[in-house]
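Model, not experiment: these values are computed from the prediction. Hydrogens, waters and symmetry mates play no part in the numbers below; they use all other heavy atoms, side chains included. First the proteins, then the strands, lettered A, B, ... as listed; each starts at 1.
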There are 2 protein chains.
Amino acid sequence: MRIALLGGTGDIGAGLALRWAYDTDHELVVGSRDPEKARAKAEEYETELDSRGVDRKITGFANEMAADRADVVVLAVPPYHVADVVADVADKLDEDALVVSPAVGIGSDEDGMHYNPPSAGSVTELVADAAPDHARVVGAFHNLAADRLANLDVDLDLDTLVVGDDADARNLAADLAEDIDGLRALDAGPAANAAEVESLTPLLINLARYNDGLHDVGVTFE
Amino acid sequence: MRIALLGGTGDIGAGLALRWAYDTDHELVVGSRDPEKARAKAEEYETELDSRGVDRKITGFANEMAADRADVVVLAVPPYHVADVVADVADKLDEDALVVSPAVGIGSDEDGMHYNPPSAGSVTELVADAAPDHARVVGAFHNLAADRLANLDVDLDLDTLVVGDDADARNLAADLAEDIDGLRALDAGPAANAAEVESLTPLLINLARYNDGLHDVGVTFE
Ligand SMILES: C[C@@H](OP(=O)(O)OC[C@@H](O)[C@@H](O)[C@@H](O)Cn1c2nc(=O)[nH]c(=O)c-2cc2ccc(O)cc21)C(=O)N[C@@H](CCC(=O)N[C@@H](CCC(=O)O)C(=O)O)C(=O)O
Ligand SMILES: C[C@@H](OP(=O)(O)OC[C@@H](O)[C@@H](O)[C@@H](O)Cn1c2nc(=O)[nH]c(=O)c-2cc2ccc(O)cc21)C(=O)N[C@@H](CCC(=O)N[C@@H](CCC(=O)O)C(=O)O)C(=O)O
Ligand SMILES: NC(=O)c1ccc[n+]([C@@H]2O[C@H](COP(=O)([O-])OP(=O)(O)OC[C@H]3O[C@@H](n4cnc5c(N)ncnc54)[C@H](OP(=O)(O)O)[C@@H]3O)[C@@H](O)[C@H]2O)c1
Ligand SMILES: NC(=O)c1ccc[n+]([C@@H]2O[C@H](COP(=O)([O-])OP(=O)(O)OC[C@H]3O[C@@H](n4cnc5c(N)ncnc54)[C@H](OP(=O)(O)O)[C@@H]3O)[C@@H](O)[C@H]2O)c1
């Protein structure tokens with residue numbers, strides 16, 4: 001598959017790019033608002049992989065170009081910009097393109113992080129509203145710490161959750177997640193359940209803050 | 001410690017009573033609106049423990065009597081009645097009594113379960129508002145399936161989360177949780193973080209619905 005990581009220059013984009021490049025044969029394209037930045041980051045990821053004996057071509061483009069002809073588009077951008085980024089790339093999205101949102105609206109006060117959903121109810125639903133009807137939107141990867149993904153020395157042994165209205169799209173996203181070694185994907189059902197999925201993220205960050213020895217916290221269900 | 005389980009006649013009350021009776025020396029008191037029902041359930045728990053070679057005295061009383069002179073009061077009642085139950089027992093609560101709320105407001109639609117907090121922001125905060133100032137309120141045990149607790153054949157190997165404004169009270173609740181074999185308690189911080197803790201519960205129930213092989217789902221963080 002051809003996977004475009006829009007905002008793939010950032011933290012979660014780096015983590016997903018490195019893991020997919022290291023563990024799979026999927027073609028990876030880094031997107032950015034700035035194509036120069038995209039190319040520089042793509043090269044940085046290649047260098048990291050090369051240092052581990054993996055010879056991999058990763059390309060970098062403006063987000064619109066990255067999304068063009070991609071089978072899978074990951075919206076690795078801040079929650080308050082996902083809708084704009086979807087609008088920017090909407091007419092490049094193929095029929096049945098899989099659009100994946102890892103974004104979580106998070107607010108904070110002195111006690112901790114708090115789930116701060118958009119008025120659509122969740123970021124996943126916001127993206128589904130913003131995306132063209134022919135695209136298939138899922139939420140996934142919200143509960144994986146970027147630095148833990150990006151550090152290829154670390155075994156993951158973690159779960160991630162997939163949520164969205166199209167069950168086939170959820171299955172495809174789950175397969176892509178499980179292509180990464182040590183990740184298990186669980187089905188959280190339709191997009192109406194996305195708020196419960198997304199609100200796990202501020203909880204994880206709070207647990208890292210209040211418990212010595214927990215850092216870049218992830219989760220497993222059993 | 002003397003632990004009173006108000007509504008200890010129900011599902012989560014049974015699970016906690018059996019685990020604490022089996023794994024610890026804490027004194028257990030079952031509370032109910034109906035003292036006859038409390039006594040009958042307490043006897044049922046004794047019989048279950050007896051069948052496993054554990055000789056244990058568990059008493060049953062009306063909630064008010066159960067709360068009287070208890071060190072720890074667990075509000076094992078539906079979320080919409082916790083505030084009333086706290087009001088009923090308020091003048092029986094000792095100075096520094098630990099009040100533990102496992103309650104979660106849950107709504108549902110055809111897609112799944114959804115977190116449905118009271119206007120206080122969370123049930124933990126609702127209980128803190130309803131309790132007398134001299135009591136210390138924490139939320140805990142929200143993410144443990146009652147049937148999994150009540151089945152003493154099952155190893156738990158799970159985490160539970162403790163949340164509330166008084167750090168000493170959180171530590172005490174965590175110790176009581178960890179007195180149960182196979183439970184690890186994590187600190188989720190002040191009561192302002194309780195919504196993120198409580199909203200994990202509808203997520204767990206949704207995961208059981210959408211994933212074959214997951215049942216009475218619990219969670220571990222790492
Ligand atoms: C400054 C702070 O790190 P930060 O880069 O701001 O990162 C904090 C968080 O944003 C980062 O942990 C995110 O991964 C949190 N996070 C999410 N953060 C988000 O903003 N959005 C998300 O959707 C998200 C999801 C998520 C899921 C799971 C999870 O465990 C974490 C998640 C930090 O202290 N980082 C390290 C220290 C590393 C570091 O840079 N140390 C410095 C200084 C030392 C110091 O300050 O203590 C140094 O070595 O020079 C630490 O936590 O110990
Ligand atoms: C009917 C249904 O069970 P139930 O008694 O309604 O219980 C459903 C849930 O309420 C129960 O799972 C709760 O523990 C859910 N739950 C909570 N439920 C709540 O209402 N509040 C909570 O705060 C809560 C917390 C919680 C935390 C973790 C977790 O994993 C679950 C949690 C059911 O199907 N139960 C079993 C079957 C057992 C059973 O009774 N089977 C019947 C008929 C067979 C059948 O109907 O399939 C039989 O054997 O005769 C099952 O899920 O397979
Ligand atoms: N950090 C984590 O651990 C983590 C884990 C799971 C999920 N997430 C989610 O993943 C998303 C990205 O998080 P992150 O930590 O990777 O963020 P980040 O590093 O701060 O930003 C990612 C990228 O977003 C782009 N961007 C910034 N502002 C933008 C704007 N106004 N319009 C369009 N693009 C913009 C930037 O790319 P360019 O400048 O190259 O365009 C940036 O590199 C968030 O929604 C977050 O909730 C994060
Ligand atoms: N079930 C779970 O797996 C689970 C797991 C974690 C947390 N919880 C939480 O624990 C709490 C209890 O759940 P549960 O499943 O144990 O519930 P339950 O079995 O339905 O009810 C518990 C008890 O509440 C009492 N009660 C019912 N209506 C009441 C009212 N109007 N006023 C006062 N007491 C009343 C009843 O006791 P009497 O008739 O004897 O008075 C009943 O036995 C809930 O808040 C739930 O969110 C449940």
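- The distance from the CG atom of A/Asn193 to the CE atom of B/Met113 is 10.0 Å, given to the nearest 0.5 Å.
- Of all the listed residues (A/Gly189, A/Gly112, A/Pro202), the one sharing the greatest number of non-hydrogen pairs under 4.5 Å with chain B is A/Gly189.
- A/Val219 has its side chain out of reach of B/Glu222: every pair of non-hydrogen atoms, C-beta onward, lies at least 4.5 Å apart.
- The 12-atom threshold is exceeded at CG of B/Asp109, counting heavy atoms of other residues, nucleotides or ligands nearer than 6.0 Å.
- For A/Arg209, no part lies under 4.5 angstrom from a heavy atom of chain B.
- Inter-residue side-chain proximity for B/Leu207 and A/Leu161 is flagged as met; some heavy-atom pair is nearer than 4.5 Å.
- To the nearest 0.5 Å, atoms CG (A/Asp165) and CG (B/Asp111) are separated by 7.0 Å.
- Contacts between A/Asp157 and chain B at a heavy-atom distance below 4.5 Å involve backbone atoms as well as side-chain atoms.
- At most 12 heavy atoms of other shown residues, nucleotides or ligands fall within 6.0 angstrom of atom CG in A/Asp133.
- Using a 4.5 Å cut-off between heavy atoms, A/Ala192 contacts chain B through both its backbone and its side chain.
- Neither the backbone nor the side chain of B/Ala195 comes within less than 4.5 Å of any heavy atom in chain A.
- Judged by distance alone, with hydrogens and angles left aside, the side-chain atoms of B/Asn211 form no donor-acceptor pair with the main-chain N or O of A/Leu186 at under 3.5 Å.
- A pairwise comparison of heavy atoms in B/Tyr210 and A/Pro190 identifies OH-CD, 3.2 Å as the closest pair.
- To the nearest 0.5 Å, the span separating CG on A/Leu203 from OG on B/Ser199 amounts to 7.5 Å.
- Atom CZ of B/Phe221 and atom CG of A/Leu204 lie 6.0 Å apart (nearest 0.5 Å).
- Across all non-hydrogen atoms, the minimal contact from A/Tyr115 to B/Glu196 is N-OE2, 2.8 Å.
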